[in-house]
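Residue numbers begin at 1 in each chain, while the letters A, B, ... track the order of the sequences. Keep in mind the model is a prediction, meaning the values are calculated, not measured.
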Amino acid sequence: MRKGHLDSNCRYLAVQKALTAEGEIENIVLKGWVRTVRSGKGVTFLALNDGSSMASIQVVIDASHPDHEAVSAIGTGAALEVEGDLVASPAEGQRWEVKAARITMVGEAGHDYPLQKKRHSFEFLRTIAHLRPRSNTFGAVFRMRNALSFAVHKFFQERGFLYVQTPIITANDCEGAGEMFRVTTLDPRNPPLENSQIDWREDFFGEKTGLTVSGQLQAELFATAFSKVYTFGPTFRAENSNTSRHVAEFWMIEPEIAFANLQDDCKLAEDFLRYHVIYTLENCGEDLQFFNDRIEKGLIDKLEKLAKAEFHVLPYTEAISILQKSGENFAYPVEWGLDLQSEHERYLTEKVFDGPIFVVDYPAQIKAFYMRLNDDERTVAAMDLLVPRVGEIIGGSQREERYDILKMRMDAMGVPSEPLAWYMDIRRWGSCPHAGFGLGFERFLMYVTGMENIRDVIPFPRTPGNAQF
RNA sequence: UCCCCGGUAGCUCAGUCGGUAGAGCAGGUGGCUGUUAACCACCCUGUCGCUGGUUCGAGUCCGGCCCGGGGAGCCA
């Protein structure tokens, strides 16, 4: 067996291309990592995977081959280049296999390779996040993540939306969505002080800055120039949340549309969800089948059902009344003016409607300052899209486009208006009704893969106490 | 941050009433087979999370701490 790089005139093929070949091909080259070695006296089989598909390709080497003994000692995880002929497999289990003429060891893997050919717990795999993409489940997760990232852009671009990159560093302390990470170049042991308070004017940006918790406010500005825009980027929350649904760094999708009301917003959210579920069904078959068989039984049925489902619209006030009449014994109180808890949301979407629902028109006092005040003056044009098994998956609103009312709401909620003068300015000149929503990309991935922990749908999760890799 | 559960071999786990630790996989050796996370036989593998206590004796009981998981809150 040769070591090092193989120069060859042979045709290099991704494993996925080889597996879906129309016919036999002579002299091909495959490169990838060994998943299993099954060795016998007469013949040795290698399963080679290069991440291009869930399935590995079977490489066969006869005992008569001079390298047979060396090949049979190859460890799981080794990187190989295989040169040979793609031939029809004489045995059950695969259509094509590679009859190896030459196998080159590119990178060895010893017996201490942590990823064994057995089932590992997701908890263990998180501790080897640098290797877990080579496992079946994470291969499928990240291929799916890739496919859906592409689909997000495809969806918006096909509809004339402008992709806007909103800032990651921001001085808006009150974007309204939670704790921010501080961004500073000051020396923490010796910060400049004024009246024993840190003097942020001395900091890099001349004011107190942090990592963005939402691109919405800036997306609104662009919406009032380009009509339809979306963001798709990293978002940060410094909250000490320790749950399977929270990470400190995640990717959020935030469309914002001008000349639009809450109904238009709901329609967009519905189209978005349906489009991506159908895209997944049509483009991720092999990986989806794996999730359906191994991660969440009935996943494909669930997605097909969602793709065809009617999306109900339910005003908050009606939701409260349904919950109060339900006779269910909820752990948290149901009363007009209180926010809906997870148990309430799941009851509505699973038991009452058994399908996706928009809950709209929430009490003003439990929602953010920028949401548009309804004519009843006690609710705002907010919407949450709830789906079975997950609960809230999208949250959005029509934005308050009337300067005076926005100012009044900010004052009432204690939001200082001076730092947000630019945000308010677009209400002074050419203001128009507009709306948008936010969707956590990882939460959406959890929904379509059936994965139950958000840390298992993002390459390198950042959570309280953990920023490894 | 709060509540609950857990931490035993490289990995997945068992360990009874408190009596001195075990199975599968991985690894090694041999055998066997166009094999399918191959199979069969034998061999090897331990700071029982850390720390203090109770006890003749602690993986097992109690306290503290660390780490992980589930749920809640916050939210996406």
May I ask you to evaluate whether [X] reaches the phosphate of [N], defined as a side-chain N or O under 4.0 Å from OP1 or OP2?
X: A:Arg35; N: B:rU36; result: no
X: A:Arg245; N: B:rC74; result: no
X: A:Gln341; N: B:rA72; result: no
X: A:Thr76; N: B:rA37; result: no
X: A:Arg38; N: B:rA38; result: yes
X: A:Lys117; N: B:rA38; result: yes

Rounded to the nearest Å, what distance is computed from the [atom1] atom of residue [X] to the [atom2] atom of nucleotide [N]?
X: A:Ile366; N: B:rC74; atom1: CD1; atom2: P; result: 10 Å
X: A:Leu46; N: B:rG34; atom1: CG; atom2: C1'; result: 14 Å
X: A:Ile74; N: B:rG27; atom1: CD1; atom2: P; result: 13 Å
X: A:Arg134; N: B:rA37; atom1: CZ; atom2: C1'; result: 17 Å
X: A:Met54; N: B:rU36; atom1: CE; atom2: P; result: 20 Å
X: A:Asn240; N: B:rC75; atom1: CG; atom2: C1'; result: 13 Å
X: A:Glu452; N: B:rG70; atom1: CD; atom2: P; result: 8 Å
X: A:Lys367; N: B:rC74; atom1: NZ; atom2: C1'; result: 13 Å

Contact class for [X] vs. all strands (heavy atom < 4.0 Å): base, sugar-phosphate, or nothing?
X: A:Thr44; answer: nothing
X: A:Asn242; answer: base
X: A:Glu97; answer: base
X: A:Phe437; answer: nothing
X: A:Pro90; answer: base
X: A:Ser241; answer: base
X: A:Ser244; answer: sugar-phosphate
X: A:His120; answer: sugar-phosphate
X: A:Arg126; answer: sugar-phosphate
X: A:Phe250; answer: base
X: A:Arg294; answer: base

Which base, if any, makes a Watson-Crick or G-U wobble pair with [N], both distances under 3.5 Å?
N: B:rC61; answer: B:rG53
N: B:rC39; answer: B:rG31
N: B:rU1; answer: B:rA72
N: B:rU45; answer: none

Using the [atom1] atom in both, what is the distance from [N] to [M], to the nearest Å?
N: B:rC56; M: B:rU47; atom1: C1'; result: 24 Å
N: B:rG15; M: B:rA9; atom1: C1'; result: 14 Å
N: B:rU29; M: B:rG68; atom1: C1'; result: 38 Å
N: B:rG53; M: B:rG59; atom1: P; result: 15 Å
N: B:rG24; M: B:rC65; atom1: P; result: 40 Å
N: B:rU55; M: B:rA14; atom1: C1'; result: 26 Å
N: B:rA58; M: B:rA21; atom1: C1'; result: 13 Å
N: B:rU16; M: B:rC74; atom1: P; result: 41 Å

| Quick one: which of B:rC11, B:rG34, B:rA37 gets closest to the side chain of A:Ala91? |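 From the listed options, B:rG34 comes nearest.
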
Quiz item: When you measure from the side chain of A:Glu123, which nucleotide among B:rA72, B:rG69, B:rC11 comes out closest?
Solution: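 Selected nucleotide: B:rG69.
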
Would you confirm whether [X], through its side chain, and [Y], through its main-chain N or O, come within 3.5 Å as a donor-acceptor pair?
X: A:Glu286; Y: A:Met54; answer: yes
X: A:Glu254; Y: A:Ala219; answer: no
X: A:Arg274; Y: A:Ala309; answer: yes

ask   = Does one side chain, of A:Glu343 or A:Tyr332, offer a donor that lies under 3.5 Å from an acceptor on the other?
value =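 There is no such pair (donor and acceptor under 3.5 Å, judged by atom type) between the side chains of A:Glu343 and A:Tyr332.
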
- Item | Side-chain H-bond candidate by donor/acceptor type, A:Gln216 with A:Tyr370, under 3.5 Å |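 The answer is yes; a qualifying pair exists.
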
Going by the angle between their ring planes, with limits at 30° and 60°, are A:Phe232 and A:Phe441 parallel, tilted or perpendicular?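 Perpendicular, since the angle between the ring planes exceeds 60°.
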
Does a distance-only test, which skips hydrogens and angles, find a donor-acceptor pair under 3.5 Å between the side chain of A:Gln94 and the base of B:rU35?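 Donor-acceptor pair under 3.5 Å: yes.
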
> With no angle test and no hydrogens, is the base of B:rU35 tied to the side chain of A:Gln58 by a donor-acceptor pair under 3.5 Å?
Replying inline: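 Such a pair is found, so the answer is yes.
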
Hey, do the aromatic rings of A:Phe272 and A:Phe156 have their centres closer than 6.0 Å?
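Here the rings of A:Phe156 and A:Phe272 have centres that are less than 6.0 Å from each other.
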
side-chain contact (heavy atoms from CB on, under 4.5 Å) between A:Asp339 and A:Tyr362, worked out: CA-CA 8 Å; A:Asp339 210 353; A:Tyr362 284 82; 4.1 Å; yes

Between A:Ile454 and A:Asp62, which is nearer to the 5' end of RNA chain B once each is assigned its nearest nucleotide?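 The 5'-side residue here is A:Asp62.
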
| query | If you pin A:Ile393 and A:Ser89 to their nearest nucleotides in RNA chain B, which one's is more 5'? | reply |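 By nearest-heavy-atom nucleotide position, the 5'-most residue is A:Ser89.
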
Can you confirm whether A:Leu30 sits close enough to A:Asp50 that some side-chain heavy atom of one is under 4.5 Å from a side-chain heavy atom of the other?
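No. Closest side-chain heavy atoms not under 4.5 Å.
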
